[in-house]
Amino acid sequence: MQRVVLFGECMLELQGEAFGSMQQSFGGDTLNTAVYLARCATGLQVGYATALGDDKLSAGMLARWQAEKLGVSLVQRLPGRMPGLYLIEVDAQGERSFSYWRDNSAAKSYFDAEQTPLEAAADSLGALYLSGISLAILPAAGRERLFALMARLQARGTPVIFDNNYRPRLWASREEALASFDRAYSLASIALVTADDEQALRGLPQLDDAVAAAKALPCPEVVIKRGRNPTLVRTASGQQEVATELVAKVVDTTAAGDSFAAGYLAVRLQGGDVVAAATQGNRLAGRVIQHRGALIPMDVMTDLVLSNK
């Protein structure tokens with residue numbers, strides 16, 4: 001089976017209202033994608049690479065990832081450290097706001113080791129996935145190590161997938177973020193681009209300007225997400241437009257982009273074409289936003305599981 005590894009940060013998640021009732025779970029953009037990919041793509045071996053602490057909460061997260069059939073051999077456990085924490089608050093329209101406590105998150109120190117499990121396993125990878133947040137949480141030296149790994153994989157033709165999840169508060173400046181994103185784009189074979197994020201990253205006046213900038217990226221395959229508007233996929237052979245899923249009521253938009261990425265890659269990494277991949281991505285995202293939290297129950301998405309190829 002093809003081994004797909006996703007790198008990033010998973011944090012403890014609180015859902016609810018400040019000083020009100022709370023529900024505790026876990027989530028993070030790349031972890032959300034990993035879980036949904038493992039659920040949907042039975043023909044892929046999905047692993048997650050990050051760092052956790054040696055505390056009970058980290059152990060509980062690790063056990064739950066394994067229950068989701070994620071490979072965890074590339075997870076580091078760092079003594080004395082803990083995962084980050086975030087709070088999700090959702091308004092009446094299903095739009096969410098986040099509060100974070102992540103300065104001492106163990107994931108930031110993943111590349112502090114002389115050689116990480118991810119670097120040691122590079123030759124066994126069938127694909128690598130990371131996001132703008134994966135880059136943002138790392139110090140400069142760690143980011144350079146990750147870029148070097150991407151270049152190594154690119155040189156031998158291994159798919160590298162980059163999602164442009166841009167969170168300004170995680171970067172010292174927009175210029176630093178832009179330089180890092182452009183470097184990641186130059187090393188990626190597939191770019192998953194949220195147009196709003198690209199507009200903010202590049203300081204562009206109109207969303208159409210961000211779409212045009214995304215189409216011009218050096219990646220062989222660019223997927224442009226535009227909210228409710230059709231998804232655009234640009235490859236060397238041209239551009240395709242794929243309708244999004246219309247839902248009766250949006251409950252929570254958390255993990256909409258993460259689940260789209262999983263649906264898209266579940267098809268694409270198993271040999272499907274870009275239209276089928278974007279259709280699956282939109283179907284899965286449409287299902288996720290009808291439920292609360294980053295990870296929805298498996299029993300409400302069983303029809304989206306792809307047969308083993």
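Along the sequence shown, the residues carry numbers beginning at 1.
Under a 3.5 Å cut-off, the side chain of D54 and the backbone N or O of G80 do form a donor-acceptor pair. Using a distance-only test at 3.5 Å, with no hydrogens or angles considered, no donor-acceptor pair links the side chain of D163 to the main chain of G132. Although no hydrogens or angles enter the test, the distance criterion places no donor-acceptor pair under 3.5 Å between the side chain of E119 and the main chain of Q115. The main-chain N or O of V300 is found under 3.5 Å from a side-chain atom of R287 such that the two form a donor-acceptor pair. No donor-acceptor distance shorter than 3.5 angstrom exists from the side chain of E13 to the backbone of G27, with no hydrogens or angles considered. Panel note: side chain Q199, backbone A210; no donor-acceptor pair is recorded below 3.5 Å. One N or O on the side chain of S134 and one on the backbone of S131 form a donor-acceptor pair closer than 3.5 Å. A side-chain donor-acceptor contact under 3.5 Å links D197 to the backbone of Y166.
Atom CD1 of residue I161 and atom OH of residue Y264 lie 10.0 Å apart, to the nearest 0.5 angstrom. Separating the CD atom in Q154 from the OG atom in S189 is a distance of 8.0 Å, to the nearest 0.5 Å. Y48 OH to L31 CG: the interatomic distance, rounded to the nearest 0.5 Å, is 4.5 Å. Separation of atoms CG (L207) and CZ (R226) is listed at 8.0 Å; rounding is to 0.5 Å. Atoms CZ and CG, on R202 and N164 in that order, are 9.0 Å from each other to the nearest 0.5 Å. Atoms CG and CE, on N104 and M82 in that order, are 10.5 Å from each other to the nearest 0.5 Å.
Taking 4.5 Å as the limit, some side-chain heavy atom of S259 sits within range of a side-chain heavy atom of L284. Looking at Q24 and L12, their side chains come closer than 4.5 Å, going by heavy atoms from C-beta outward. Side-chain contact between V242 and N282: present, with at least one pair of heavy atoms (C-beta onward) separated by less than 4.5 Å. Under the 4.5 Å side-chain criterion, counting only non-hydrogen atoms from C-beta, T116 is not in contact with F7. Side chains of T244 and T231 form a contact here, defined as non-hydrogen atoms less than 4.5 Å apart.
Heavy atoms only, all atoms of each residue included: P117 and S73 are closest at CB-O, 4.2 Å. Of all heavy-atom pairs spanning A195 and V211, the tightest one is CB-CG2, 4.2 Å. The two residues T158 and L125 have their closest heavy-atom pair at CG2-O, 3.6 Å. Heavy atoms only, all atoms of each residue included: M301 and R39 are closest at SD-NH1, 3.4 Å. Y86 approaches G28 most closely through the heavy-atom pair OH-N, 4.1 Å. A122 approaches L149 most closely through the heavy-atom pair CB-CD1, 3.6 Å.
Counting non-hydrogen atoms of neighbouring residues, nucleotides and ligands closer than 6.0 angstrom, the CZ atom of R64 reaches no more than 12 such neighbours. Within 6.0 Å of atom CZ in R228, 12 or fewer heavy atoms from other residues, nucleotides or ligands are found, so the atom counts as exposed in its surroundings.
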Which atom pairs, one a donor and one an acceptor, fall under 3.5 Å between side chains of residues 272-281 and the rest of the protein, sequence neighbours left out?
| unit_1 | atom_1 | unit_2 | atom_2 | d |
| --- | --- | --- | --- | --- |
| D273 | OD1 | V275 | N | 3.1 |
| D273 | OD1 | A276 | N | 2.7 |
| T279 | OG1 | V275 | O | 2.8 |
| Q280 | NE2 | L304 | O | 2.8 |

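Salt bridge absent: D103 and K108 never bring a charged side-chain N and a carboxylate O closer than 4.0 Å.
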CA sep, side-chain torsions, deciding dist, call: E221, R234, salt bridge (Lys or Arg N to Asp or Glu O under 4.0 Å): CA-CA 6 Å; E221 186 170 321; R234 191 272 295 153; over 6 Å; no

Audit row: D123, R152, salt bridge (Lys or Arg N to Asp or Glu O under 4.0 Å) steps and yes/no: CA-CA 9 Å; D123 290 341; R152 178 178 169 184; 3.2 Å; yes

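When only modelled atom types and interatomic distance are considered, D258 and Y36 share no side-chain donor-acceptor pair under 3.5 Å. When only modelled atom types and interatomic distance are considered, Q76 and Y110 share no side-chain donor-acceptor pair under 3.5 Å. A donor atom on one side chain and an acceptor atom on the other are found under 3.5 Å apart for R3 and S124. Under the 3.5 Å distance criterion, with hydrogens and angles disregarded, no donor-acceptor pair is assigned to the side chains of D196 and T194. Donor-acceptor pairing under 3.5 Å is recorded for the side chains of D29 and N165. A donor-acceptor contact closer than 3.5 angstrom is absent between the side chains of E176 and S173. Side chains of E68 and Q66: a donor-acceptor N/O pair is absent below 3.5 angstrom, by distance only. Under 3.5 Å, the side chains of S58 and R77 contain no donor-acceptor pair of N or O atoms.
In summary, the aromatic rings of F162 and Y185 are positioned with their centroids under 6.0 Å apart.
Both I137 and F111 are members of a single hydrophobic cluster when ILVMFWY side chains are connected at heavy-atom separations under 4.5 Å.
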